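To start, the structure under review is shown below, and the notes come after it.
These numbers were taken from a predicted model, which means no experiment stands behind them.
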Amino acid sequence: MRKQQSMTQLARLGCVALLASLAACASPDQAPATADVAVSRNAVENAVSAGAAELAPAEITAAREKMVRANQALAARDYKLARELAIQAQADAKLAQSKAVSAKATTASTQLNEDLRVLREEVDRVNSQ
């Protein structure tokens, strides 16, 4: 058991050393820009999963376009622009996701109200007999 803990600690130390050496080689702006692009990519994927393509097409299109531009800026090593575009894409994706969730909730609420109306009519019909 003790040997396994030592191996786990050694593996963690190796990962930390690897990350430290990569960070030393990278531009100081590269890591934040790369992280922001990755976070934004996940935000776009989450929005699409929530139905944004159908329910908030303008917002998800804007997010996708900004993601493309952020990736292009990242490839061109324009980390400041890449980060700005990634943050904007994330905001657009979150808006798209919120609109999609809201539209689904509105649809569910409308359907529930209709079901309740039909149920009330049925109860009134049975009670009036």
Note to self: For D115, give me all partners under side-chain hydrogen bond (donor to acceptor under 3.5 Å, both in side chains), at least two apart in sequence or on another chain.
What the structure shows: Q111

Next item on the list: Any chance you could measure Q72, atom CD, to L81, atom CG, to the nearest 0.5 Å?
Entry: 9.5 Å

Item checked: For the student: nearest non-hydrogen atoms of G51 and A100, plus distance -> C-CB, 3.9 Å

Margin query: Going by salt bridge (Lys or Arg N to Asp or Glu O under 4.0 Å), name the pairs with one or both residues in residues 54-67, residues two or more places apart or in two chains.
Written below: E59-K99, K66-D92

Acceptor/donor pairs from residues 40-47 side chains to any protein atom, 3.5 angstrom cut, sequence neighbours excluded:
{"from": "S40", "atom 1": "OG", "to": "D36", "atom 2": "O", "distance (Å)": "2.9"}
{"from": "S40", "atom 1": "OG", "to": "A86", "atom 2": "O", "distance (Å)": "2.4"}
{"from": "R41", "atom 1": "NH2", "to": "N71", "atom 2": "OD1", "distance (Å)": "3.3"}
{"from": "N46", "atom 1": "ND2", "to": "N42", "atom 2": "O", "distance (Å)": "3.3"}

Checklist line | Partners meeting side chain to side chain contact (heavy atoms under 4.5 Å, CB included) with T106 (sequence neighbours left out) | finding: S102, T110

Next item on the list: Consider only side-chain heavy atoms of I, L, V, M, F, W and Y, link residues closer than 4.5 Å, and tell whether I60 and V37 are in one cluster.
Entry: yes

Margin query: So does K94 get a backbone contact from the side chain of S98, meaning a donor-acceptor N/O pair under 3.5 Å?
Written below: yes

Check: Is there any side chain to side chain donor-acceptor pair (under 3.5 Å) pair reaching into residues 120-129, and which pairs are they, with sequence neighbours excluded?
Finding: R117-E121, E122-R125

Check: Can you name the closest pair of heavy atoms from L74 and A82 and give their distance?
Finding: N-CB, 3.7 Å

Next item on the list: Give the C-alpha distance, both sets of side-chain angles, the deciding distance and a yes or no for side-chain contact (heavy atoms from CB on, under 4.5 Å) between V48 and Q97.
Entry: CA-CA 7 Å; V48 170; Q97 183 175 2; over 6 Å; no

